[in-house]
Protein chains: 4
Amino acid sequence: MESDHRKPRKTVQARSQKTREKILLAAERLFGKKGLHSVNSKEIAAEAGVAVGTFYNYFPDKQDLFLEVFERHSMEVGRVLDGRIRDEVARGGGGREFIYGLVKAVYEAHSLSPDFHRQAEALKYSDASMAVRRKQERKEAHAKSVALMAGFGDKLRITDHEAAAEIVGLAVESVVHELKMFGSEVSEFRMLKELADMLTRYLFRDDT
Amino acid sequence: MESDHRKPRKTVQARSQKTREKILLAAERLFGKKGLHSVNSKEIAAEAGVAVGTFYNYFPDKQDLFLEVFERHSMEVGRVLDGRIRDEVARGGGGREFIYGLVKAVYEAHSLSPDFHRQAEALKYSDASMAVRRKQERKEAHAKSVALMAGFGDKLRITDHEAAAEIVGLAVESVVHELKMFGSEVSEFRMLKELADMLTRYLFRDDT
Amino acid sequence: MESDHRKPRKTVQARSQKTREKILLAAERLFGKKGLHSVNSKEIAAEAGVAVGTFYNYFPDKQDLFLEVFERHSMEVGRVLDGRIRDEVARGGGGREFIYGLVKAVYEAHSLSPDFHRQAEALKYSDASMAVRRKQERKEAHAKSVALMAGFGDKLRITDHEAAAEIVGLAVESVVHELKMFGSEVSEFRMLKELADMLTRYLFRDDT
Amino acid sequence: MESDHRKPRKTVQARSQKTREKILLAAERLFGKKGLHSVNSKEIAAEAGVAVGTFYNYFPDKQDLFLEVFERHSMEVGRVLDGRIRDEVARGGGGREFIYGLVKAVYEAHSLSPDFHRQAEALKYSDASMAVRRKQERKEAHAKSVALMAGFGDKLRITDHEAAAEIVGLAVESVVHELKMFGSEVSEFRMLKELADMLTRYLFRDDT
DNA sequence: CATGAATGAGGGTTCATTCAT
DNA sequence: AATGAATGAACCCTCATTCAT
C-alpha cells in the first residue's frame, strides 16, 4: 500500500533528506578522523547506518561527498564568523579591542569540526578542485577585510589596503589554525593577545 | 690477497649511489606534481628509469621514500635559510631593514622545490608521522626566532618573547607559503613589504 | 513496518551461501591438485566462477580459506569415521574381524578428497598453525583408540594401553595414507589384510 | 700472475668445492628451519657468506639446490642406517631383540638433521619430483626388508612377505617420524618398545 | 669465479562503483 | 529507494634469476 502515489511523497522526501543527512554527518566524522584517502565507502555507509548502495544513491562518488561536506562546513563557518563580526561591529569598541574581538571570532568559527577542517585544509594543498575553492574563500575573506578596514578611515596607519588585507587575513588564519590544529606550547590566551597586539600596531596610528 | 676486489667495488658503489639519487629526484618531481597518494611505485620507477624492484632495493616502501625526500628537502631549506640569516645578521642593518631581509630569506628558502614543499605541507595535516616532524620543525624555528630576538635587547617593544616568536614565525610562514603555493593577486613585493612593516611595528619601539 | 525486507533478505543470504560454497569447493579442488603455495587467488576465483574481490568478500586471506577447507574436510572425515566405527562396534565381531573393520573404516574415511588430504598433510609438516591442528587431531584419535581398547578388557595382550594406542593409530594411519596417497605395488587388499593381522596379533591374546 | 694455467687449478677447484659445501650446508640449515618456500635466495647466500650470483654459479636454481641437499641427506641417512643394520645382523640376536635393534637403528638414522628431514617429508606430499624420489626410497627400503626377512626362514609366521615388508616399513617409519618430528606424550622408550613388540608378534611364530 | 645491482613477472589484497533483487 | 553481493582494475611489494663489472 505504500506504493500509492500522492500523500507519502512528502514523507518519503523527508526520509530521503534524513538519510542524506545521516550520510553527510557520518562522512564529516570519518573524514575528520582519518582523512579522505583513509576512509572507504563501506565505512561511511556503516557509520551512517545504511548500505553502500544507498550511499551511491545520494552521491555520485566519494570525492563529491567530500566536497559537499566541505561546502556545508565552509558555509557554517562563514555564518558563524559573520555573526560574530556583526556583534563586534555593533559593540563598536576602539581599535585594539575590536581587533581582539575579530581574532576571537575567527578562533571560535574554527572550533566547528576542527578535525574535518584540518583534513580539508590538507586537501587544499594537494587536490586541484579543493585548491580552487580555497582561492574563492580567500577572495571572500579579502573582500570582507577590505570592507571592514574602510570603516576605520583615518585611524588607519596602513596605506596599501589590498596587501594589508591579505597579510592580516593570513596572519590571523595561520595563528588560529596552529592553535586549533596542532596546539601550542604557549597558552591560547597569550597567543591571541600577541596576535591582536601585532595587528593593532600594524593597522592603527594610535595603537592602544 | 684478494686485492682484485677494490676498484670495481667503488665503481659499483658509485653506480648504486647514482641510482638512489635518480630515484630520489624522480620521487621529488612526482610527489610534487601529484602528491604521495596519487603516485604509484611503477610511476616512480619509470620516472627514475629503473625497474620497480630496483626502487624496492633502495627503499623499504613508498612512505619511506617520501620521508627521505622530505628530510633532504627540509635540510636543504634549513641550510639555505641559515645561510641567508647569517648574511643578514652580518650586514647588521637596523630593525626594519633586518626584518625585511629575514622575510626575504624565508621566501628564498621556500623557492626550493615549491611543489614538493606544498605536498609535504599537506601531509603534515593528515599524516601522523609527518605531523610529528612538523612539530619538531616548528620547535627549531621557534628557538631560532627567540635567539634572534634576544639580540635586539631594549629595542624590542614586545614583552612576551615566547608568544611573539610563535606569532611572528607563523605570520612569515603563512605569507610566504601563500605566495609560493598559491600566488597572490597583489604583487609579491607589496606583500613582503607589508609583512615586514607589520613585524617591525610589532616588534620594535622605534618602528622605522 | 518495513516488512518488505524479509523475503529478499533470505534469497540474498542463500545466494551468498552458495557463493561461499562455490569458493570452498573450488579451493578444495585446486589446493588438492597443486598445494597451498602453488595456487593463487586469481585461480581460485576463476575456478569458483567469481571475481577475485568476491573471494576476498568471503575470506580474509588465502591461508584462512585453506584452513576453512581443512576444517570442513577434517570434520567430514571425522563424521564418516565415527559412523563406520559405530557400525563395526554394533556388528560386534570378534577381535580380528573387528580390527579389520576398523582398518577399512579408516581407509574409507580417507577416501574423501584424498588430494586435498595429501596437501593438508604436507602443511602439517611445514606450517606452524597446521602443526597445531595436527596435534589436536592426534589427541582425539588417541582418546578414541584408548576408549575402544578398553572395551576389550581381558582379551587384550598389551599392557601399556597408552603407548599401544599411539602405535596402532600411527600404523593404521601410515598404511592407509600410503595406499591413498601414493598407491602401492602390492594390492590394497593384501596390504589391509596384513595390517589387520599385525594389529590383531599385537593386541589380542587369542589372535584368530 | 694468477692467470697462469697449470698449478692453481687444483687449489681453485678445492676452493670451489668449499664454496659449494658452504652453500649446501647453509641451505640445509635454512630449509630445515623454514621450509623450501619460505627461504629465498638472498637468505641462502647470506647464510653461506657468498653473493647471490655465486649461489647461481653453483646451482641452476633453488629447487635444484634443495634436491641436492635432499640427496645428500638421504644418502647419509642410508649410510648410517645400513651401518647400524649390519651391526645388528652381526650381533645376531634372536627375533625380538633383533627387531628392537632395527627399530632403534631407524630411530638413530632419523636423528640426522631432523628439521630438514621434516621439510623434505612435506615436499614429498606436494611436490611431484620429490614424490618420485620418495617412491624410489620406499622401493629400496622394501627390498632391504624383504632381504632381511629372508634370513629368518621358518621362524617367520607371515606368509605374504611382500605386503609384510611394506607394512612393517611403514609402521616403523611412521612411529619414528612421529617421535622425531612432533614428539609424543608417551616416552620414546615406551613407544619403541611397543613398536618392537607389535612387529615381533606379527612376524615370528615364537614371539619372545 | 665472485659480485650484487637490476630486472619485471607475478602474487596477495583493496576498494570505488555497479546492479540485480 | 534500499540493499549488499559482485566486480575487476589497480596497487604495493617480493623474489627468482640474470648479467655487467
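Letters go in sequence order (proteins before strands), and every chain restarts at 1.
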S.K.: If you assign B:V50 and D:G49 each to the DNA chain E nucleotide with the nearest heavy atom, which residue ends up on the more 5' nucleotide?
M.R.: D:G49
S.K.: Mind calculating the distance between CZ (C:R20) and C1' (F:dG4) to the nearest angstrom?
M.R.: 16 Å
S.K.: For DNA chain E, what residues of residues 28-42 of chain A have any heavy atom nearer than 4.0 Å?
M.R.: A:V39, A:N40, A:S41
S.K.: Tell me whether C:E68 is salt-bridged to C:R20, with the criterion being a basic N under 4.0 Å from an acidic carboxylate O.
M.R.: yes
S.K.: Hey, mind stepping through B:Y125 and A:Y125 against side-chain contact (heavy atoms from CB on, under 4.5 Å) and telling me if it holds?
M.R.: CA-CA 10 Å; B:Y125 286 89; A:Y125 287 90; 3.7 Å; yes
S.K.: How would DNA chain F look in dot-bracket form, 5' to 3', counting Watson-Crick and G-U wobble pairs with both distances under 3.5 Å and writing | for bases paired to another strand?
M.R.: .||||||||||||||||||||
S.K.: E:dC1, OP1 or OP2 - any side-chain N/O from D:T19 closer than 4.0 Å?
M.R.: no
S.K.: Decide, yes or no, whether a salt bridge links B:K124 with B:E121 under the criterion of side-chain N to carboxylate O below 4.0 Å.
M.R.: yes
S.K.: Kindly give the heavy-atom pair with the smallest separation between A:Q119 and A:F31, and that separation in Å.
M.R.: CG-O, 3.0 Å
S.K.: Of all heavy-atom pairs between D:A27 and D:V69, which one has the smallest distance, and what is that distance?
M.R.: CB-CG2, 3.9 Å
S.K.: Step through it carefully: locate the ring centre of C:F59, locate the ring centre of C:F66, and say whether they are under 6.0 Å apart.
M.R.: no
S.K.: Kindly state which residues belonging to residues 51-68 of chain D come within less than 4.0 angstrom of DNA chain E, counting heavy atoms of the residue only, listed by number.
M.R.: D:A51, D:V52, D:G53, D:T54, D:N57, D:Y58
S.K.: Would the number of heavy atoms belonging to other residues, nucleotides or ligands and lying under 6.0 Å from NZ of B:K42 be above 12?
M.R.: no
S.K.: Whole angstrom is fine here: how far is it from CD in B:E43 over to C1' in F:dC13?
M.R.: 16 Å
S.K.: Would you call the rings of C:F116 and C:H73 parallel, tilted or perpendicular, where under 30° means parallel and over 60° means perpendicular?
M.R.: perpendicular
S.K.: Do the side chains of B:E71 and B:R133 get close enough for a salt bridge, i.e. N-O under 4.0 angstrom?
M.R.: yes
S.K.: Charged N to carboxylate O below 4.0 Å: is that the case for D:R72 and D:E21?
M.R.: yes
S.K.: Separation of B:I44 atom CD1 from E:dG8 atom P, in whole Å?
M.R.: 17 Å
S.K.: For residues A:I44 and A:A26, report the shortest heavy-atom separation together with the two atoms involved.
M.R.: O-CB, 4.0 Å
